[in-house]
Amino acid sequence: MSEVDIRKIDQIIKRFPPHESNLLIPILQSVQEEFGYIPPESVKLISRHSKVSRNKIYGVLTFYAQFATTPRGKYVVRPCRGTACHVRGSASVIRYLKSKLKVEDGYTTTDNKFTLETVACLGACFLAPTMMVNHDYYGNLNDKKVEEILKTYR
Amino acid sequence: MVIQRLKSLKELLQLKEELLGEYDSAKTRIRICTTGCRAKGALKVRDAFHQELGKDRSIEIVETGCQGLCAKAPVVSVDPDGIFYGGLTPEDVPEVISQTIRNKKIINKLCYSENKTVYPYIKDIPFFKAQEKIVLRNCGYINPTSLEDYIRRNGYVALIKIFRGLKPEDVIEQVTKSGIRGRGGAGFPTGLKWKFARQYQNATKYIICNADEGDPGAFMDRAVLEGDPHSVIEGLIIGAYAIGANHGYIYVRAEYPIAVEYSTLAIKQARERGFLGENILGSGFNFDITIKQGAGAFVCGEETALIASIEGRRGMPRPRPPFPAEAGLWGKPTVINNVETLANIPWIITQGGDAYAKFGTKGSKGTKVFALAGKVRNTGLVEVPIGMTLRQIIFDIGGGIPQDREFKAVQMGGPSGGCLPAEHLDTPIDYETIKEAGAIMGSGGMIVMDEVTCMVELARYFLDFCQKESCGKCVPCRIGTKRMLEIVTRFTSGQARQGDPLFPQ
Ligand SMILES: Cc1cc2nc3c(=O)[nH]c(=O)nc-3n(C[C@H](O)[C@H](O)[C@H](O)COP(=O)(O)O)c2cc1C
Ligand code: FES
């Protein structure tokens with residue numbers, strides 16, 4: 001695993017005014033945006049900057065589904081498991097993704113390419129079943145379509 | 001172009017006149033949804049239109065938000081004739097230009113059809129005919145990234161009315177008169193909520209727009225923020241003026257990247273033009289808005305959890321009272337309103353509370369946006385006067401069940417809601433009747449299920465959802481949902497045993 005650039009973390013944190021505990025989540029979001037996860041090295045720096053204890057920071061970052069504490073893949077594949085998608089067969093889409101990518105929900109492929117992360121609803125229920133790959137939406141999925149979509153990212 | 005900050009109501013009216021003056025409504029405009037329809041390749045279709053038209057400036061391509069009939073994505077409307085096409089591919093585009101645009105010929109295969117009838121025009125399509133658009137008045141018509149488009153369609157005009165002579169109390173009176181109830185789920189009267197917050201004098205106050213839209217199956221808040229973000233900003237300004245707040249937040253879920261992008265842009269535009277900031281339109285009123293992105297927790301849609309999340313903490317609800325209107329964000333009086341609620345407000349102020357109260361039923365005034373999803377033909381967004389029956393919405397507007405299967409039930413109100421079976425098809429939908437029937441209005445998501453949906457499996461699904469999304473604070477939820485899930489899973493996997501609740505004796 002590559003070393004994390006401490007200076008880069010520092011730069012991101014410094015964009016936010018110090019000692020404002022309410023900025024904790026936006027800071028974590030910016031760090032995650034840059035690195036794809038929250039590197040453990042960053043927690044100490046964030047704690048010093050925002051005056052929130054490391055305990056509390058871990059409390060927050062483990063509470064929200066968005067934050068990851070281990071590196072994620074280049075592409076985050078997020079199939080929807082919401083109700084509308086469920087009644088239109090999302091379970092089979094998710095099963096197919098797991099078998100294709102050979103990972104369980106929440107895990108990253110060994111080549112660090114894909115992370116599989118089911119979500120509660122993407123707000124694209126009209127095209128159920130749906131998924132997102134990074135910021136792109138896909139709808140009316142079936143096994144064949146999923147395979148084609150994955151191919152474009154391989 | 002240098003954007004002038006508007007310093008008075010007169011300047012706003014002038015700008016509006018100018019914008020209307022230079023607008024040619026007879027021009028051919030191709031409106032294409034580039035938000036929700038992206039999932040089906042709308043951006044490629046848009047690019048194909050640009051390429052095909054080349055330098056031809058006589059035809060305008062307008063990128064819009066949701067046009068409602070999402071099942072047909074990607075969709076395109078052609079003005080001024082009002083033609084509606086769906087299911088477009090880039091390959092269809094040359095034909096649309098050569099046939100429809102240049103030769104006024106309808107292409108049947110791209111039209112909406114129902115029971116073997118082809119409907120080329122929006123005004124004839126049953127899906128659109130029965131609707132009454134207040135919340136969605138601009139959605140699908142304007143370019144959501146254009147403040148000018150919004151102003152041209154009466155945007156920010158409510159502010160003129162207010163700053164010309166409505167006191168905060170008068171605003172609250174109009175909202176109370178309209179009878180509007182919160183669209184985020186609980187249905188609490190908005191006028192009353194504002195009145196509570198108003199009464200705390202000399203305090204810093206906040207107003208928050210709840211755009212967390214956690215209920216799976218609901219997508220109207222996403223559509224409003226992506227299709228008409230300025231209506232929500234205007235609603236927030238009016239609410240802030242009414243309760244006496246100078247700062248507001250839009251708490252939007254991170255799963256909605258387009259909504260985040262467009263509302264951020266809209267706030268920037270509103271600031272540049274002087275609708276936000278110090279001394280708005282020369283009125284002496286100051287107000288600004290910050291965007292906060294959610295971080296993936298269903299429970300943060302609940303207002304006290306949402307407040308905790310904005311404060312940078314774990315999003316766990318706390319018991320009420322005190323209600324946020326008394327002690328909310330940082331302990332200050334705070335009003336939290338849903339996106340759809342706020343999008344109604346400018347209309348209510350310009351048209352008057354009485355005009356709004358003409359729609360709806362005795363206890364539930366106005367219109368409501370429903371999100372049709374699941375096993376229904378016309379999935380998409382519909383806005384109708386409250387009080388229509390489920391049958392009207394699911395069959396007349398929604399076009400019924402695909403493959404002519406049997407209707408089994410409709411799930412309403414998200415995980416806190418319920419399922420209404422066929423016997424309720426003729427029940428009028430308003431807050432009270434729905435509750436009596438065993439579901440809730442919730443945010444207005446309607447997930448239709450047909451004869452092949454297994455209801456026991458669905459019960460298992462919802463328990464799984466609730467268990468995953470439990471914030472873990474209270475034992476009945478943290479452990480209770482887990483045990484219930486185990487029991488129901490035994491039923492769905494054929495492992496149920498003597499002694500399990502509901503096991504036949
Ligand atoms: C578990 C839970 C989740 C909720 N999720 C949302 C939501 O996603 N969006 C929303 O507007 N309201 C949601 N609410 C309701 C809010 O607490 C609050 O009542 C609402 O935002 C108030 O706005 P309104 O009066 O305009 O409806 C939720 C409530 C609960 C208990
Ligand atoms: S339920 Fe899947 S996108 Fe909403």
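Every chain is numbered from 1, with letters handed out A, B, ... down the list of sequences. In this text, all values refer to a predicted model and were calculated from it rather than measured experimentally.
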query = Is it true that atom CZ of A:Phe16 has more than 12 heavy atoms of other residues, nucleotides or ligands lying nearer than 6.0 Å?
reply = yes
request  = Using a cut-off of under 4.5 Å on heavy-atom pairs, state which of B:Arg253, B:Met220, B:Lys375, B:Arg314 scores highest against chain A.
outcome  = B:Arg314
query = Any idea which of A:Arg88, A:His86, A:His135 has the most non-hydrogen atom pairs under 4.5 angstrom with chain B?
reply = A:His86
request  = Go through the atoms of B:Tyr256 and report whether side chain, backbone, both or neither lie under 4.5 Å from a heavy atom of chain A.
outcome  = both
Side-chain touch B:Lys40/A:Tyr137, heavy atoms, less than 4.5 angstrom = no
request  = Apply side-chain contact (heavy atoms from CB on, under 4.5 Å) to the pair A:Leu24 and B:Arg313, showing each step before the final yes or no.
outcome  = CA-CA 8 Å; A:Leu24 177 58; B:Arg313 295 183 285 121; over 6 Å; no
query = How about A:Lys44: does its NZ atom have over 12 heavy atoms from other parts shown lying under 6.0 Å from it?
reply = no
query = Would B:Glu255 and A:Met132 count as a side-chain contact (heavy atoms from CB on, under 4.5 Å) if you check the C-alpha gap in whole Å, the side-chain angles of each, and the deciding distance to 0.1 Å?
reply = CA-CA 9 Å; B:Glu255 288 87 345; A:Met132 273 176 110; 5.6 Å; no
task = Verify the neighbour count for atom CZ of A:Arg54: are there more than 12 heavy atoms of other residues, nucleotides or ligands below 6.0 Å?
result = no
message = How long is the straight-line distance from CZ of A:Phe63 back to SG of B:Cys471, given to the nearest 0.5 Å?
response = 5.5 Å
Contact winner vs chain B - A:Gly59, A:Ser21, A:Gly139, heavy-atom pairs under 4.5 Å = A:Gly59
message = Between B:Lys292 and A:Pro26, is there a side-chain heavy-atom distance shorter than 4.5 Å?
response = yes
key: Minimum-distance pair of heavy atoms, taken over all atoms of B:Ala254 and A:Gln66   = CB-NE2, 3.7 Å
A:Glu20: partners by salt bridge (charged side-chain N to carboxylate O under 4.0 Å, His left out), with sequence neighbours left out = none
task = Name the member of B:Ala295, B:Gly312, B:Ala39 that forms the most heavy-atom pairs with chain A at distances under 4.5 Å.
result = B:Ala295
task = Can you spot which of A:Ile25, A:Asn22, A:Val60 makes a side chain to side chain contact (heavy atoms under 4.5 Å, CB included) with B:Ser309?
result = A:Ile25
Salt-bridge present (B:Glu311, A:Lys56; N to O < 4.0 Å) = no
Chain B neighbours within residues 108-128 of chain A, where any heavy atom lies under 4.5 Å away = A:Ala120, A:Cys121, A:Leu122, A:Gly123, A:Ala124, A:Cys125, A:Phe126, A:Leu127
ask   = Under 3.5 Å, is there a donor-acceptor pair between the side chain of B:Arg38 and the main chain of A:Asp136?
value = no
query = Which pair of heavy atoms, one from A:Tyr64 and one from B:Cys300, lies closest together, and at what distance?
reply = CE2-SG, 3.7 Å
query = Are there more than 12 heavy atoms of other residues, nucleotides or ligands under 6.0 Å from atom NZ of B:Lys468?
reply = yes
task = Could you tell me whether a side-chain N or O of B:Tyr461 sits under 3.5 Å from a main-chain N or O of A:Arg81, the two making a donor and an acceptor?
result = yes
ask   = Where does B:Ala218 contact chain A at under 4.5 Å (heavy atoms): side chain, backbone, both or neither?
value = backbone
note = Of all heavy-atom pairs linking B:Pro216 and A:Gly82, the shortest is CB-CA, 3.7 Å
inquiry  = I'd like to know whether CD of B:Glu451 has more than 12 heavy-atom contacts from other residues, nucleotides or ligands below 6.0 angstrom.
reply    = yes
inquiry  = Does any part of the side chain of B:Asp215, heavy atoms only, come nearer than 4.5 Å to the side chain of A:Thr83, both counted from C-beta?
reply    = no
remark   = Of the listed B:Gly315, B:Ala373, B:Gly380, B:Ala73, the one with the largest count of heavy-atom pairs under 4.5 Å with chain A is B:Gly315
ask   = Just wondering, more than 12 heavy atoms not from A:Glu148 lying within 6.0 Å of its CD?
value = yes
task = Name the member of B:Gly294, B:Ala371, B:Gly414, B:Cys454 that forms the most heavy-atom pairs with chain A at distances under 4.5 Å.
result = B:Gly294
message = Between A:Ser50 and chain B, with a heavy-atom cut-off of 4.5 Å, which part of the residue counts as in contact: side chain, backbone, both or neither?
response = neither
Top contributor to chain A contacts, counting heavy-atom pairs under 4.5 Å, from B:Gly217, B:Gly445, B:Cys70 = B:Cys70
query = By a 4.5 Å heavy-atom criterion (distance strictly below it), what part of B:Val448 contacts chain A: side chain, backbone, both, or neither?
reply = backbone
